[in-house]
Amino acid sequence: MNMKDLNLDMTAFWMPFTNNRQFKSSPRLLVKAEGMHYTSSDNRQILDGTAGLWCVNAGHCRTEIVEAIRQQAGEMDFAPTFQMGHPKAFEAAAKIAEITPQGLDRVFFTNSGSESVDTALKIALAYHRARGEGQRTRLIGRERGYHGVGFGGISVGGISPNRKAYSGQLLPAVDHLPHTLNIKEAAFTKGQPTWGAHLADELERIVTLHDASTIAAVIVEPLAGSTGVLVPPQGYLQKLREICDKHGILLIFDEVITGLGRLGKPFAAQYFGVTPDIITMAKGVNNAVVPMGAVAVKTTVHDTIVDAGNTGAIEFFHGYTYSGHPLAAAAACAALDLYKNDGLFERAAKLAPHFEKSIHGLRDLPNVVDIRNLGMVGGIELATRDGKPGARAHEIFVKCFEKGALIRYTGDILAFSPPLIISEAQIDELFGIVAEAIRETA
């Protein structure tokens, strides 16, 4: 199969986060997937170094998930969850609650990470209002944070290009912590940097500026992925938890990327030993087979909101038509069983040292200025060409695809997050291809 055989009209599809003119002049199409590989339109095997888009943690087209969707579609295609329900949604929520940190056992379903973030922010506001502190409306995000593309997520997010076009309409009561990356102090760190825990103290400055009584929640990615793999300094998340507790502020972990095994535990919260009040998730929750997201909430937060509602009335005015969609829920149940039965979280933990060794083996290549990693996530930062930010990374991305590997890039940072079924030999193959592409790129 090739482009001519496909006979595609590419005009109608306005592609997301893509240089549409550039892509459509030289498209890269994937037509099939299985296990660790995609198949390109010219019948080449492409090693998946990004789990699709940080999401296909169990590998592609797993029979167990495919069959669960097929069976559910044949039994019931859709059921509303507004004042109604269906068994699979409750089953999926229970399975998620089994693996979340202790106490976070109430689950609200969404359809994406962006929706999960906006839902979590609404829950935080509703919680404080229910407990009689409705003046707590301020939200604290972090520079270089990525929390999806809803107006709430963009507002608490801290990636400039994502904010710029919509700056006039972002939420008003928002402030931001500084990001934690410092290449000068922590270049080529393996795992968590020892420098930077003090940056959490900036939250105290923000509290002093705005007064704690006005702040509803702090939202951070435990490990920031989309901005280029920013690993939290040792003790940093613990300090955020302590400061939030001190001032009665909710702590939200955006685990859309880190959730479901990426760091060798069900959630990054368990890896770091820091329990937030709310966790957002999506992507790996059902191996990305059907769009789905979720928000796990502490029982106390849930109960405060629900118990404050009038008898017979809706307690939380929020939801989506497809919340807990039957096919998505069936996929989640199958994926969560697969993670458990195949021991994929434990497998990720065992693979992490080899992943670390392999990616850091590229540190002496031309234009490599930093390498960062934790668990099964890695980033390689490249020197930026004068006046052409992102150009070098884009060229390497294309070269890797031509050589048989799919990677991700953001700015001039290459990012890696392969399916957790990857072998040590495939890790070496992946970074061997990346090394070739870097050497060939001036």
Side-chain angles (χ1 to χ4, degrees), residues 55 65-100 103-127 129-130 147-153 252 254-256 259-260 267 277-337 339:
C55 51
I65 304 175
V66 172
E67 289 304 316
I69 295 170
R70 192 192 316 274
Q71 181 177 344
Q72 182 60 54
E75 291 179 355
M76 183 172 66
D77 53 355
F78 175 78
T81 51
F82 292 11
Q83 306 287 8
M84 293 295 298
H86 64 88
K88 278 297 177 184
F90 292 97
E91 182 182 346
K95 285 181 180 292
I96 291 170
E98 287 178 6
I99 62 172
T100 50
L104 279 86
D105 55 5
R106 298 294 185 267
V107 178
F108 194 105
F109 283 118
T110 70
N111 309 290
S112 67
S114 295
E115 291 182 0
S116 292
V117 167
D118 279 11
T119 298
L121 299 179
K122 284 186 175 182
I123 289 172
L125 297 174
Y127 167 74
R129 185 170 61 251
H147 301 293
V149 295
F151 274 99
I252 304 170
D254 184 343
E255 295 224 34
V256 171
L260 288 305
F267 293 92
D277 302 292
I278 301 173
I279 289 177
T280 66
M281 67 191 84
K283 296 187 184 290
V285 72
N286 66 2
N287 212 44
V289 179
V290 178
M292 189 180 210
V295 182
V297 181
K298 277 188 175 178
T299 313
T300 52
V301 173
H302 166 273
D303 290 352
T304 297
I305 296 171
V306 171
D307 292 346
N310 294 326
T311 302
I314 294 169
E315 304 103 352
F316 183 45
F317 282 83
H318 178 67
Y320 304 97
T321 300
Y322 302 123
S323 291
H325 190 283
L327 269 63
C333 291
L336 292 163
D337 286 344
Y339 293 141

Here the gap from Glu255 atom CD to Thr100 atom OG1, rounded to the nearest 0.5 Å, amounts to 10.5 Å
Hey, is the main chain of Tyr127 close enough, under 3.5 Å, to the side chain of Thr304 for a donor-acceptor pair?
no
May I have the step-by-step check of side-chain contact (heavy atoms from CB on, under 4.5 Å) for Gln83 and Ile314, ending in yes or no?
CA-CA 9 Å; Gln83 306 287 8; Ile314 294 169; 3.8 Å; yes
Using 0.5 Å steps for rounding, measure from the CD1 atom of Ile305 to the CG atom of Leu125.
9.5 Å
Locate the shortest heavy-atom distance separating Val149 from Ser114; write the atom from each residue and the value.
N-OG, 2.9 Å
Could I get the full list of salt bridge (charged side-chain N to carboxylate O under 4.0 Å, His left out) partners for Glu67, not counting sequence neighbours?
Arg70
Pairwise salt bridge (Lys or Arg N to Asp or Glu O under 4.0 Å) hits with a residue in residues 286-313, at least two apart:
Asp277-Lys298
Rounded at 0.5 Å granularity, tell me how far CZ in Arg106 sits from OG1 in Thr300.
10.0 Å
For the student: nearest non-hydrogen atoms of Ala120 and Thr280, plus distance
CB-CG2, 3.6 Å
Ignoring hydrogens and angles, tell me if any N or O in the side chain of Ser116 forms a donor-acceptor pair with the backbone of Met281 under 3.5 Å.
yes
Please find the pair of heavy atoms, one from Ala329 and one from Ala92, that lie closest to each other, and give the distance.
O-CB, 3.9 Å
Within the distance-only criterion (no hydrogens, no angle test), does the side chain of His86 pair as donor or acceptor with the backbone N or O of Gly324 below 3.5 angstrom?
yes
Contacts of Phe316 that satisfy ring pair (Phe, Tyr, Trp, His ring centres under 6.0 Å) - sequence neighbours left out
Phe108, His318
Closest non-hydrogen atom pair between Asp118 and Gly150, with its separation:
OD2-CA, 3.8 Å
Take Phe78 and Tyr322, measure what side-chain contact (heavy atoms from CB on, under 4.5 Å) needs, and give me the verdict at the end.
CA-CA 8 Å; Phe78 175 78; Tyr322 302 123; 4.0 Å; yes
Over all heavy atoms of both residues, which pair between Ala282 and Ser112 is shortest? Give the atoms and the distance, please.
CB-C, 3.8 Å
Leu327 side chain near Val289 side chain, heavy-atom distance below 4.5 Å
no
Out of curiosity, Leu104 CG to Ile99 CD1, how far, rounded to the nearest 0.5 Å?
12.0 Å
What distance do Leu336 atom CG and Leu260 atom CG have between them, rounded to the nearest 0.5 Å?
6.0 Å
Just by modelled atom types, is the Tyr339 backbone N or O under 3.5 Å from a matching donor or acceptor in the Asp337 side chain?
no
Phe90: which residues meet the side-chain contact (heavy atoms from CB on, under 4.5 Å) condition with it, sequence neighbours left out?
none
Mind checking ring pair (Phe, Tyr, Trp, His ring centres under 6.0 Å) for Phe151 and listing every partner two or more places apart, or none if nothing turns up?
none
Assess whether side-chain contact (heavy atoms from CB on, under 4.5 Å) is satisfied between Val107 and Val295, documenting all intermediate values.
CA-CA 6 Å; Val107 178; Val295 182; over 6 Å; no
Which residues satisfy the salt bridge (charged side-chain N to carboxylate O under 4.0 Å, His left out) test with Lys88, sequence neighbours excluded?
Glu91
How many angstroms lie between atom CD1 of Ile96 and atom CD1 of Ile279, to the nearest 0.5 angstrom?
11.0 Å
Ser323/Thr81 under side chain to side chain donor-acceptor pair (under 3.5 Å): CA gap, chis, key distance, verdict
CA-CA 7 Å; Ser323 291; Thr81 51; 5.0 Å; no
Side chain Asn286, main chain Ala335, donor-acceptor under 3.5 Å:
no
